[in-house]
*Asks:* 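Questions regarding the structure given below will be posed in turn.
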Amino acid sequence: MQTLTEMAVDVLTTADGREKTARARAHAATWAEARAAGRTIPLGQARPPDRPARPERPELLDPRDVPRRRPGTEAGRIALLHAVAHIELNAVDLHWDVVARFADAPVPLSFFDDWVRAGDEEAKHFNLVCDCLAAMGSDYGALPAHAGMWRAAEDTAGDLLGRLAVVPMVLEARGLDVTPGMIDIFRKAGAEEAVAALEVIYAEEVHHVAYGSKWFNWLCGRDGLDPTETFHALVRRYFRGGTKPPFNEEKRAEAGLPPDFYWPLAGGA
């Protein structure tokens with residue numbers, strides 16, 4: 001049987017999006033079934049790649065060069081869903097990278113339960129959005145995409161606290177801010193399949209931000225660090241641009257992210 005880190009590296013080194021997510025879901029099920037049965041799959045020590053395998057398409061561009069399309073048109077809504085699919089595929093790799101890269105961190109086994117579950121849910125999200133794209137006559141890879149998505153992982157490759165601060169507590173928290181507006185766009189267009197997919201994503205992304213907040217605070221408590229001050233220092237070190245309002249304060253609070261974490265960073269202050 002593969003170790004958990006071998007499973008993670010298997011996901012990270014698979015290029016095709018549908019195949020990557022199929023492996024992510026299969027490995028997550030294997031881990032969850034073993035844990036439910038009282039068996040522990042060894043974590044192991046498989047080394048993750050510096051960059052995950054990617055399909056040949058989409059073409060990856062500098063964020064400034066990605067074409068902007070109006071969401072009031074069908075083409076614009078396809079572009080919006082394509083961007084979401086790209087984010088979700090990167091999120092699959094980000095969560096499995098945490099599992100592989102930080103397997104030697106002195107944390108409880110439940111840490112890995114959370115990130116395997118998050119990686120499984122991101123795989124589900126990618127497939128939901130790809131199904132919506134297919135129903136609209138498109139597919140993932142048909143449009144160019146943002147090339148900077150992996151920067152957060154590279155910048156925090158040696159810093160677990162930094163990774164938790166930037167990925168779930170900044171990037172995924174931003175998803176909580178913007179997803180309600182996307183749902184409204186597709187609801188007004190009568191695109192019910194896309195609305196249903198985005199509502200699943202919106203509900204489950206709260207969990208991922210909550211995992212980040214839980215383990216960030218746990219690590220700070222163990223090491224005698226002030227969580228708020230540490231969060232501010234790490235975001236300023238690793239994340240360019242600061243946090244930007246408007247904030248979905250209700251969902252952020254539900255995920256354990258209080259306003260004194262993100263408001264002082266608004267606008268890159």
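The shown structure was predicted, so the numbers you read here are calculated from the model rather than taken from an experiment.
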*Asks:* Counting N and O atoms only, with roles assigned by atom type, does the side chain of H232 sit under 3.5 Å from a partner on the main chain of P264, one being a donor and the other an acceptor?
*Replies:* no
*Asks:* Side chains of L257 and M169, heavy atoms from C-beta outward: is any pair under 4.5 Å?
*Replies:*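 The answer is yes; the side chains approach within 4.5 Å.
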*Asks:* Over 60° means perpendicular and under 30° means parallel, so tell me whether H27 and W96 are parallel, tilted or perpendicular.
*Replies:* perpendicular
*Asks:* Can you find a pair of side-chain heavy atoms, one from E122 and one from E172, that are under 4.5 Å apart?
*Replies:* yes
*Asks:* Check R64 with D62, please: is the shortest side-chain N to carboxylate O separation under 4.0 Å?
*Replies:*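 Result for this pair is yes, salt bridge flagged.
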*Asks:* Can you find a pair of side-chain heavy atoms, one from F247 and one from P259, that are under 4.5 Å apart?
*Replies:*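 No; the side chains remain at least 4.5 Å from each other.
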*Asks:* Side chains of P58 and H82: does their closest heavy-atom pair fall under 4.5 Å?
*Replies:* yes
*Asks:* How many angstroms lie between NE2 in H125 and OH in Y202, if you round to the nearest 0.5 Å?
*Replies:*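 Between atom NE2 of H125 and atom OH of Y202 there are 13.5 Å.
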*Asks:* Can you tell whether the side chains of E204 and R117 come within less than 4.0 Å, N to carboxylate O?
*Replies:* no
*Asks:* Is a salt bridge present between E249 and R252, judged by a nitrogen-to-oxygen distance below 4.0 Å?
*Replies:* no
*Asks:* What are the two closest non-hydrogen atoms of F231 and A165, and how far apart are they?
*Replies:* CE1-O, 3.6 Å
*Asks:* Taking all atoms of both residues into account, what is the closest heavy-atom pair of A85 and L133, and its distance?
*Replies:* CB-CD1, 4.3 Å
*Asks:* Side-chain heavy atoms under 4.5 angstrom apart, residues restricted to Ile, Leu, Val, Met, Phe, Trp, Tyr: same cluster for V209 and I87?
*Replies:* no
*Asks:* For E154, is there an ion pair with R51 - N to carboxylate O distance below 4.0 angstrom?
*Replies:*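 Yes.
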*Asks:* Charged N to carboxylate O under 4.0 angstrom, K244 versus D177?
*Replies:* no
*Asks:* List the steps and the verdict of side-chain contact (heavy atoms from CB on, under 4.5 Å) for L61 and E59.
*Replies:* CA-CA 6 Å; L61 303 177; E59 178 187 7; 3.3 Å; yes
*Asks:* Are L128 and F186 joined in one hydrophobic group, where the rule is that I, L, V, M, F, W and Y side chains link up if heavy atoms are under 4.5 Å apart?
*Replies:*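 Different clusters.
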*Asks:* Show me the pairs that pass side chain to side chain donor-acceptor pair (under 3.5 Å) and involve residues 216-231, at least two apart or across chains.
*Replies:* S213-N217
*Asks:* Where the side chain of T179 meets the backbone of L176, is there a donor-acceptor pair that is under 3.5 Å apart?
*Replies:*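 No; zero donor-acceptor contacts below 3.5 Å.
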*Asks:* Using side-chain heavy atoms (C-beta onward) and a distance below 4.5 Å, is V107 in contact with L219?
*Replies:*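 Yes; the side chains approach each other to less than 4.5 Å.
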*Asks:* Apply side-chain contact (heavy atoms from CB on, under 4.5 Å) to the pair E199 and R187, showing each step before the final yes or no.
*Replies:* CA-CA 11 Å; E199 285 179 339; R187 181 170 285 121; 2.8 Å; yes
*Asks:* Can you give me the closest heavy-atom contact between A103 and L43, atom names plus distance?
*Replies:*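 Closest heavy-atom pair between A103 and L43: O-CD1, 3.6 Å.
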*Asks:* Keeping the roles fixed (side chain from T156, backbone from D159), state whether a donor-acceptor pair exists under 3.5 Å.
*Replies:*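 Side chain of T156 to backbone of D159, a donor-acceptor pair under 3.5 Å: no, none is there.
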*Asks:* With the threshold set at 4.0 Å, does a side-chain nitrogen-carboxylate oxygen contact exist between K20 and D93?
*Replies:*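 A salt bridge is present here (some side-chain N lies under 4.0 Å from a carboxylate O).
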*Asks:* Thinking salt bridges, do K214 and D114 make one under a 4.0 Å N-O criterion?
*Replies:*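 Judged by the 4.0 Å cut-off on N to carboxylate O distance, K214 and D114 do form a salt bridge.
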*Asks:* Linking I/L/V/M/F/W/Y whenever any side-chain heavy atoms sit under 4.5 Å apart, do F239 and L160 land together?
*Replies:*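 F239 clusters together with L160.
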*Asks:* Within this structure, what is the SG-CG distance for the pair C220 and L164, rounded to the nearest 0.5 Å?
*Replies:*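 So the gap between those two atoms works out to 9.0 Å.
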*Asks:* Evaluate whether atom CD of E250 has more than 12 neighbouring non-hydrogen atoms of other residues, nucleotides or ligands under 6.0 angstrom away.
*Replies:*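 No.
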*Asks:* Under a 3.5 Å distance rule, please check whether T73 uses its side chain to pair with a backbone N or O of G76 as donor and acceptor.
*Replies:*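 A pair under 3.5 Å: yes.
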*Asks:* Verify the distance criterion only: is there a donor paired with an acceptor across the side chains of H86 and Y140 at less than 3.5 Å?
*Replies:*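 A pair is found: one side chain offers a donor N or O, the other an acceptor, under 3.5 Å apart.
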*Asks:* Taking all non-hydrogen atoms of both residues, which atom of G119 and which atom of A24 are closest, and how far apart?
*Replies:* O-CB, 4.5 Å
*Asks:* Can a donor-acceptor pair be found, under 3.5 Å and without considering hydrogens, that links the side chain of R101 to the backbone of P49?
*Replies:*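 A pair under 3.5 Å: yes.
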*Asks:* Taking only residues two or more places apart in sequence or in another chain, which ones pass side-chain hydrogen bond (donor to acceptor under 3.5 Å, both in side chains) with D120?
*Replies:*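 With neighbours one apart ignored, the set is R25.
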*Asks:* For the residue pair F112 and W31, establish whether any side-chain heavy-atom pair is separated by less than 4.5 Å.
*Replies:*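 Yes, at least one pair of side-chain atoms sits under 4.5 Å.
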*Asks:* Looking at CD of Q45 and CG of D104, how far apart are the two atoms once the value is rounded to the nearest 0.5 Å?
*Replies:* 7.0 Å
*Asks:* How far apart are the C-alpha atoms of R151 and R240, what are their side-chain angles, what is the distance that settles it, and do they pass the side-chain contact (heavy atoms from CB on, under 4.5 Å) test?
*Replies:* CA-CA 10 Å; R151 175 179 286 174; R240 299 159 181 83; 3.2 Å; yes
*Asks:* Which pair of heavy atoms, one from N90 and one from R54, lies closest together, and at what distance?
*Replies:*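 Nearest heavy atoms, N90 then R54: OD1-NH2, 2.8 Å.
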*Asks:* Side chains of L265 and V170: does their closest heavy-atom pair fall under 4.5 Å?
*Replies:* no
*Asks:* Can you check whether Y262's main-chain N or O pairs, donor with acceptor, with T243's side chain at less than 3.5 Å?
*Replies:* yes
*Asks:* Just verifying a value: how many Å separate L81 CG and L198 CG, rounded to the nearest 0.5 Å?
*Replies:* 6.5 Å
*Asks:* Within the 4.5 Å heavy-atom criterion, are T5 and R47 side-chain neighbours or not?
*Replies:* no
*Asks:* Do W115 and F102 pass the ring-ring contact (aromatic ring centres under 6.0 Å, His included) test, and can you show the C-alpha distance, the side-chain angles, and the key distance before you say yes or no?
*Replies:* CA-CA 11 Å; W115 297 114; F102 299 105; over 10 Å; no
*Asks:* Just verifying a value: how many Å separate R77 CZ and M136 CE, rounded to the nearest 0.5 Å?
*Replies:* 6.0 Å
*Asks:* Could you state whether V9 and V92 fall into the same hydrophobic cluster, counting links through intermediate Ile, Leu, Val, Met, Phe, Trp or Tyr residues with side-chain heavy atoms under 4.5 angstrom apart?
*Replies:*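 V9 and V92: separate clusters.
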*Asks:* Give the intermediate values and the outcome of side-chain contact (heavy atoms from CB on, under 4.5 Å) for residues T21 and V11.
*Replies:* CA-CA 8 Å; T21 53; V11 173; over 6 Å; no
*Asks:* Between the side chains of R163 and D97, is the shortest nitrogen-to-carboxylate-oxygen separation below 4.0 Å, so that they form an ion pair?
*Replies:*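 The answer is yes: the pair qualifies as a salt bridge.
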*Asks:* Ignoring hydrogens, what is the shortest heavy-atom contact between A100 and A8? Give both atom names and the distance.
*Replies:*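 A100 and A8 have their closest heavy atoms at CB-CB, 3.8 Å.
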*Asks:* Does the distance from a Lys or Arg side-chain N to an Asp or Glu carboxylate O, for D155 and R237, drop under 4.0 Å?
*Replies:* no
*Asks:* Tell me if a side-chain donor or acceptor on E254 pairs with a main-chain N or O of K251 at a distance below 3.5 Å.
*Replies:* no
*Asks:* Could you state the interatomic distance from CZ (R68) to CG (L80), rounded to the nearest 0.5 Å?
*Replies:* 12.0 Å
*Asks:* Ion pair present between E121 and K124, side-chain N to carboxylate O less than 4.0 angstrom?
*Replies:* no
*Asks:* Any chain of hydrophobic side-chain contacts (each under 4.5 Å) joining V66 to M149?
*Replies:*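 No; tracing contacts between hydrophobic side chains, which count when under 4.5 Å, never links both residues.
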